[in-house]
Amino acid sequence: SPKIEKASYDGSNRQTLASTGLKWPNGLAYDYEENRLYFVDAGTHKIEAMQPDGSSRSVILTDSSAHFFAVSPYHQYLYYTDWNQHTVMRVNKDGSGKTNIGPTGFRQLADIRVHKYGYGMPGVVTPSPIVVDESHIFVRLVGRGDHNEGLVEVYINGEWGTICDDMWDDREAKVVCEMLGFGKTNAKAVSRAYYGTDNSIIIFLDDVNCTGEESHIAQCTKIGDWGLHNCDHREDAGVNCTFDVTTIRDFVLVADSYIQEIYRMDLETGSYSAIPQYSVNTPIGIDYDPLTHTVFYSDVGLHLIKSTDLDGNNEKILKRLNSVAIPDGLVIDVQNRLIFYSDTGNDVIVKMNMDGTGVVNVTNTNLDEPRAVTLDVANQVIYWTDWGAHPKIEKSNYDGSNRQTLIDSGLKFPNGLVYDGTTNKLYLCDAGTNKIEVMDTNGQNRQLIFQDAGAHFFGIDVDSQYIYVSDWTKDGVIRLNKDGSGETPVGPPSFGKLNGISLYHQGG
């Protein structure tokens, strides 16, 4: 008869807190910050929370493939062990953003405790001062609304918080909209939690005082202002920005399969907003057509190839795939108006028109687990990765002719591949070798650029100066110089599992 109980240190006042809906409640932890109990159950496959008296019990996360063992809360996160994951796992306290932490080289992790240095040590005080560094402060739009409007949340010191609407007007809205890449024109302030709110996070700012000429919200505040307010979440501030695809700033598109969103993130500030979709499940491959300002993406969970306008309108299903389809990779040829995608469920590389018509197989033989696809449009050559039993990188002409294997050694999980037209090189990232490499288009002159033993690389894209990769262990996008130096995060490490990424530069 599984149950959760409590008692005083001397054994008195013993009480049963939960005795139903349990099978193997392996882990239990008390959250001092929120006065809540969190527990994990390997039989029900759930992480749950409740009050110390057993009331207000709620499910945080259900994972039918998990064998939970232990849990430890820390700030907005729950760290836990799962015997089926072979690494430490983390999830937000609302159940979103599940991700692995560190390498997957462990076998059967049992107990876990997150330790904050100095906590509980006599005579040691460890304050957490807020560091106002613009390069590590971001904004995002959440809640109800289109891509260009929503509740404003600000990220600083590793946490998201809201802004109180006291003194909030169009001058502040201009600065936020500029950070998001929309520009300042006709930016409108919105008050009284119009777009909804999040009572689980703190209120970071009150009485923000911008002139409207600033480029960053941090320029409108004093260091001592952060964390001080006399508001509640009914006063959370929002913005409505002007959306103009012809003037929007350089950005990167990312597909997040855990949070089930696609995002546009401003390359200059790292601030972002979701592109709202009526139905999205597990977005993986993503690309952008700058001529029509259309986003194309694959959805593995729904077995679809889809498109949408950049603001989330005009959502279309271009092709419905069969129930075994796993369209991991997607790339478009803007010049010839074509879409290419890989399908590792059916072991095929496919070409079709941008409206979903004219579907033909590029190749459907000798494929095991095809994933990333990239194009040399000028020469009409397609390149792809295969992470199957014998990993390799191949290429062929658009019609499948002249198929060649470029490399078939030193690979494990070659998830990402991109053709760089400025250098006529191929860049690849491998989640098994933890490497980013470059080579000629015939597979020669292969060179290691960057290696991170703790990384799980997935998507990759390049521009004239930088390499951008998504990394599941860092919860975000990483930027590198093309020689592998200068590793820098782009945006906050607060995503779930970023897969495909696609860059856009105005005029290029």
Side-chain angles (χ1 to χ4, degrees), residues 24-29 31 34 36 38-49 58-106 108-114 140 142 153 155 158-160 198 200-201 254-263 272 274 280-284 299-302 326 328 413 415 431 454-459 470-478 489 491-501:
W24 301 313
N26 290 332
L28 179 69
D31 187 344
E34 297 187 353
R36 297 179 84 192
Y38 291 92
F39 61 95
V40 296
D41 192 307
T44 64
H45 312 291
K46 293 178 180 179
I47 301 177
E48 298 188 64
S58 62
V59 176
I60 304 296
L61 175 70
T62 301
D63 183 348
S64 60
S65 65
H67 187 107
F68 299 122
F69 194 89
V71 64
S72 183
Y74 180 72
H75 292 328
Q76 72 268 37
Y77 301 117
L78 297 175
Y79 291 80
Y80 63 92
T81 55
D82 177 350
W83 286 1
N84 293 331
Q85 290 292 341
H86 310 297
T87 187
V88 174
M89 301 295 294
R90 188 185 74 195
V91 67
N92 296 322
K93 286 180 177 176
D94 64 359
S96 65
K98 185 182 77 169
T99 187
N100 57 302
I101 302 298
T104 57
F106 301 100
Q108 197 172 81
L109 295 179
D111 206 4
I112 182 172
R113 289 291 183 271
V114 177
R140 68 180 179 187
V142 301
E153 291 185 353
Y155 181 93
E159 292 189 63
W160 287 102
D198 185 349
S200 67
I201 63 177
V254 292
D256 191 322
S257 57
Y258 269 5
I259 302 179
Q260 299 179 313
E261 295 277 14
I262 54 176
Y263 297 101
Y272 65 88
V280 61
N281 183 281
T282 313
I284 303 291
D299 193 314
V300 168
L302 298 177
I326 304 174
D328 276 346
F413 302 115
N415 289 331
H456 188 110
F457 300 123
F458 194 93
S470 58
D471 183 345
W472 289 359
T473 65
K474 292 184 173 63
D475 304 335
V477 175
I478 305 299
S494 60
F495 296 96
K497 182 185 283 186
L498 294 187
N499 301 296
I501 63 175

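The first residue of the sequence shown is numbered 1, and numbering continues consecutively from there.
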Beyond-backbone contact of [X] with [Y], side-chain heavy atoms, under 4.5 angstrom:
X	Y	answer
W160	S200	no
T81	F106	no
K497	N499	yes

Enter the distance from [X]:[atom1] to [Y]:[atom2] here, rounded to the nearest 0.5 Å.
X	Y	atom1	atom2	result
D63	H45	CG	NE2	8.5 Å
D198	D94	CG	CG	7.0 Å
I60	F39	CD1	CZ	9.5 Å
I284	L498	CD1	CG	10.5 Å
N84	Q108	CG	CD	9.0 Å
T99	Q85	OG1	CD	9.5 Å

Without swapping roles, check the side chain of [X] against the backbone of [Y] for a donor-acceptor pair under 3.5 Å.
X	Y	value
S96	I259	no
N415	F457	yes
E159	I201	no
D299	V280	no
D256	I262	no
N26	D41	no
T282	V300	no

Return the minimal non-hydrogen interatomic distance between [X] and [Y], and the atom names on each side.
X	Y	value
S470	G459	OG-N, 2.7 Å
A110	A70	O-CB, 3.4 Å
F458	G500	CD2-N, 4.1 Å
S72	A29	CA-CB, 4.4 Å
Q76	G158	NE2-O, 2.7 Å
E153	V142	OE2-CG2, 3.5 Å

* Should N92 and Y77 be marked as a side-chain contact (heavy atoms from CB on, under 4.5 Å) after you check the CA-CA gap, both sets of side-chain angles, and the distance that decides it? -> CA-CA 5 Å; N92 296 322; Y77 301 117; 3.1 Å; yes

* Asked: Can R36 and K93 be said to form a side-chain contact (heavy atoms from CB on, under 4.5 Å), step by step?
  -> CA-CA 11 Å; R36 297 179 84 192; K93 286 180 177 176; 5.6 Å; no

* Which word best sums up how the rings of W472 and H456 line up, parallel for under 30°, tilted for 30 to 60°, or perpendicular for over 60°? -> parallel

* To do: Not counting sequence neighbours, which residues clear side chain to side chain donor-acceptor pair (under 3.5 Å) with D111? List them please.
  => R113

* May I ask you to check whether F495 and Y263 place their ring centers less than 6.0 Å from one another? => yes

* Count the heavy atoms of every other residue, nucleotide or ligand shown that sit under 6.0 Å from CZ of F69, and state whether that count exceeds 12. => yes

* To do: Just do the side-chain contact (heavy atoms from CB on, under 4.5 Å) check on M89 and V91 with the steps written out, would you?
  => CA-CA 7 Å; M89 301 295 294; V91 67; over 6 Å; no

* Give the intermediate values and the outcome of side-chain contact (heavy atoms from CB on, under 4.5 Å) for residues L61 and Y80. => CA-CA 12 Å; L61 175 70; Y80 63 92; 3.8 Å; yes

